[in-house]
Amino acid sequence: MLSFRGAAAGALMLAAAGISATAPLARAEQPPGITIVADLLLDTQGVLQVEEKVTVPEGDEFRMSLPLRLQVEPDVERRFRVTDVETTGVGSTTTADDRFTIIAPPGESTFRYSVHNTVGDAPNSQVFHWLGVVDTDIASISAALVAPSYELAIVDCTLGPPGNTRPCADVRTEAIGVLHLEQTDIRKGDAIDLTVQVPPGTVPANADVIDHNAPGPFSVTAPVLAAFGVLAAVLAALAALVWRARRENESASTGSDVIDPLDRADGHVRFISPEGILPGEAGLLLDEHVDPIDIAATVVDLAVRRYLWITRIAESDWRITRINEPDDQLRAYEQAVYRALLPDGVDAVTLREVRDSGRAQQDSVRAAMIADSVDRGTFVDRTRPGPCLWFGGGLAVAGVLATVGLAVTSGYALVGVAILLAGVAVMLLPKYLPARTALGSDIARRVRALQRGLDAIGIDHIPATDRETVFSRALPYTVASGRVDSWVRTFRSIDPSDDSHPGLYWFGGYERDRDLQRFAGDFPFFITAVEGLFHTPKV
């Protein structure tokens, strides 16, 4: 059996053959036993053409195996191919299990074959390095190797069992570019280690060497570590950005500032909202979501501003009547709410009829309310493609292309993966950023301060003639903030007829009441009913 290592050339396969093939040389009478005469030609394509003549005496048998996959080092292997096999005489060959095997029974056999992947580059040269171990006694080997260059140089040639080698008996080169090897009395287990050099570029280097420890396309190398270091810095910067933005955003819900929502002038008191913000937008900015309660607050505000008239007609139903047409004083989302209740051609409708018609859709109102806040610069619509999505997507695509390109070229494919991950992180960034803008957070902070101001209001400091107006104008904001019960409780003792008109000016059915006790009990049910109209059903 034969074993090899190194960046062998044609000679590698000669020795791999168990030092089997040697060119016919002028020599003395052959000694008794197995003899091998081989001619080896390294052609201009780097393919070793081998012709071996094996003579086996009666009662003996020659067997040689050429491993086609050689373990050079623990994690390095080399592969060869044998093609164009021809046999003359009684011998035979087989190729199986990564071995090319020659078998010669008694008699004379000639084997011709081509060995590929035998030439390896070395500094300032090309090298044939062959190490072979024979598995039978051989009386003599006579070989000649011819290369395209006459500048052959024998670097080393030793013979013997491992640990007890000796120089080859007769190996030499001639000026015409031929290497001769003569050796007799080769014993089973002996190894021949031969290294031959030729000038660089003599033939195409075709050694098929696989180094499992060599950096692969996805190996961790210095450029890869640098790329992932940059990625870590980018992720840290993005995390810091998210932390800071969320911290500043949360500060809008804290604090102790108080805004007095009452304007006192000319002996009258009236309610004013900060920055002229509407109840629906206030609800959106407080929790960064459009909820049914925000739409209900808008419905109440439309009634308070004399666009709608609300009347209780049954214990669990109310009628909404058109008072004024929607005009340019209403924002787009307010008009969407108005028309969800009273489409063109409808002057009055009950909540039951609206619910049965199915036209009160939260999604359409929600989209209009978010679009309004986006236009005002207080909110960011995360459902729309933004700069982060486009930039991050571009980075991700570049990362994929870089990964593929580097995998087939320089091998630093993980650099592309780092770019891809950076792109994904940028794309996901908006998901973790607040939807409120800096302006939105500032207004939300004012709305919270307004809530504290409303909580501090007592009716004793409001003239009787202004109490109904102050109560009504502030009511939608308390609906949006979830403090309607407290607000109604504060004003339930007022007489709505103090302004010389019986009942609430926007909510019918309480004209004979001298206080708001019945209204205080009924109004939460109205809010619940309106919320129910705009609830998105769960699938």
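The basis for the numbers below is simple: all heavy atoms, side chains too, and nothing from hydrogens, waters or symmetry mates.
In this model, a donor atom of one side chain and an acceptor atom of the other lie less than 3.5 Å apart for Arg514 and Ser497. In this model, no donor atom of one side chain and acceptor atom of the other lie less than 3.5 Å apart for Arg270 and Thr469. Using modelled atom types and a 3.5 Å distance limit, the side chains of Gln45 and Asn206 yield no donor-acceptor pair. Side-chain atoms of Ser472 and Trp506 include a donor-acceptor pair closer than 3.5 Å. With hydrogens and angles left out, the side-chain atoms of Arg436 and Asn249 include a donor and acceptor closer than 3.5 Å.
The backbone N or O of Thr202 lies less than 3.5 Å from a partner atom in the side chain of Gln126, making a donor-acceptor pair. No donor-acceptor pair under 3.5 Å is formed between the side chain of Glu468 and the backbone N or O of Thr465. Checking side-chain atoms of Glu77 against main-chain N and O of Arg69 turns up no donor-acceptor pair under 3.5 Å. Within the 3.5 Å criterion, the main-chain N or O of Val346 finds a donor-acceptor partner in the side chain of Arg322. A donor-acceptor pair under 3.5 Å links the side-chain atoms of Thr478 to the main chain of Leu475, judged by distance alone. A donor-acceptor pair under 3.5 Å links the side-chain atoms of Glu511 to the main chain of Gly509, judged by distance alone. A donor-acceptor distance shorter than 3.5 angstrom exists from the side chain of Ser364 to the backbone of Gln361, with no hydrogens or angles considered.
Taking the ring centroids of Phe507 and Phe526, they lie under the 6.0 Å cut-off.
Note on ring orientation: taking the six-membered ring where Trp is involved, the planes of Phe271 and Tyr477 are tilted (angle from 30° to 60°). The aromatic rings of Phe471 and Phe491 sit tilted, their planes meeting at an angle between 30° and 60°.
Within a 6.0 Å radius of CZ in Arg246, other residues, nucleotides and ligands contribute 12 heavy atoms or fewer. Arg305 CZ: more than 12 foreign heavy atoms inside a 6.0 Å radius.
Taking the side chain as every heavy atom from C-beta outward, Val82 and Leu68 approach each other to under 4.5 Å. Counting heavy atoms from C-beta on, the side chains of Phe80 and Asp208 never come closer than 4.5 Å. Counting heavy atoms from C-beta on, the side chains of Val47 and Val115 never come closer than 4.5 Å. Annotation: side chain of Asp121 is not in contact with side chain of Pro200 (no heavy-atom distance under 4.5 Å). Using a 4.5 Å heavy-atom threshold, the side chains of Ile462 and Leu262 count as touching. Considering only heavy atoms from C-beta on, Leu231 comes within 4.5 Å of Phe228 through its side chain. Under the 4.5 Å side-chain criterion, counting only non-hydrogen atoms from C-beta, Pro502 is not in contact with Arg512. Under the 4.5 Å side-chain criterion, counting only non-hydrogen atoms from C-beta, Val290 is in contact with Ile370.
For the atom pair Asp260 CG and Ile457 CD1, the distance stands at 6.5 Å (nearest 0.5 Å). Here the straight-line distance linking atom OG1 of Thr298 with atom CD of Glu281 works out to 10.0 Å at 0.5 Å rounding. With rounding to the nearest 0.5 angstrom, the CG atom of Leu302 is 9.0 Å from the CD1 atom of Ile310. Between Asp460 atom CG and Arg467 atom CZ the span is 6.5 Å, to the nearest 0.5 Å. Residue Thr350 holds its OG1 atom at 11.5 Å from CH2 of Trp318, rounded to the nearest 0.5 Å. From Thr378, atom OG1 reaches atom CG of Asp442 across 11.0 Å, with rounding to the nearest 0.5 Å.
The pair Arg452-Asp257 does not meet the salt-bridge criterion, since no charged nitrogen lies less than 4.0 angstrom from a carboxylate oxygen. Ion pairing between a basic and an acidic side chain is recognised when a charged N comes within 4.0 Å of a carboxylate O; Asp356 and Arg352 show no such pairing. Salt bridge present: Glu248 and Arg244 bring a charged side-chain N and a carboxylate O closer than 4.0 Å. Salt bridge annotation for Asp363-Arg366: absent, with no cationic side-chain nitrogen under 4.0 angstrom from a carboxylate oxygen. Salt bridge absent: Asp485 and Arg489 never bring a charged side-chain N and a carboxylate O closer than 4.0 Å.
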Working for side-chain contact (heavy atoms from CB on, under 4.5 Å), residues Tyr510 and Arg518: CA-CA 8 Å; Tyr510 304 96; Arg518 275 201 315 135; 3.5 Å; yes
Chi angles and distances behind the side-chain contact (heavy atoms from CB on, under 4.5 Å) call for Thr321, Asp347: CA-CA 6 Å; Thr321 304; Asp347 292 328; 5.7 Å; no
Evaluate the criterion side-chain contact (heavy atoms from CB on, under 4.5 Å) for residue pair Phe379 and Leu284; output intermediate values, then yes/no. CA-CA 9 Å; Phe379 203 76; Leu284 167 62; 3.8 Å; yes
Residue pair Tyr307, Asp327: steps toward the side-chain hydrogen bond (donor to acceptor under 3.5 Å, both in side chains) verdict: CA-CA 10 Å; Tyr307 285 95; Asp327 52 29; 2.7 Å; yes
Derivation of the side-chain hydrogen bond (donor to acceptor under 3.5 Å, both in side chains) call for Asp291 and Gln362: CA-CA 8 Å; Asp291 304 309; Gln362 179 184 348; 5.7 Å; no
Yes or no on side-chain contact (heavy atoms from CB on, under 4.5 Å) for Leu342 and Leu308, after CA distance, side-chain angles and deciding distance? CA-CA 9 Å; Leu342 295 172; Leu308 304 174; 3.6 Å; yes
Test salt bridge (Lys or Arg N to Asp or Glu O under 4.0 Å) on Arg492 and Asp515; report intermediate values, then the result. CA-CA 6 Å; Arg492 64 186 173 183; Asp515 57 35; over 6 Å; no
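When all heavy atoms of Gly377 and Leu439 are compared, the pair lying nearest together is O-CB, 3.7 Å. In terms of heavy atoms, Arg331 sits closest to Glu334 at N-OE1, 2.9 Å. Residues Asp84 and Ser114 approach most closely at OD2-OG, 3.5 Å, considering heavy atoms. Scanning all heavy atoms of the two residues, the minimum distance from Gly283 to Asp294 falls at CA-OD1, 3.2 Å. Between Pro476 and Pro279 the shortest heavy-atom distance is CB-CG, 3.4 Å. Nearest heavy atoms, Pro204 versus Gly46: CD-N, 4.1 Å.
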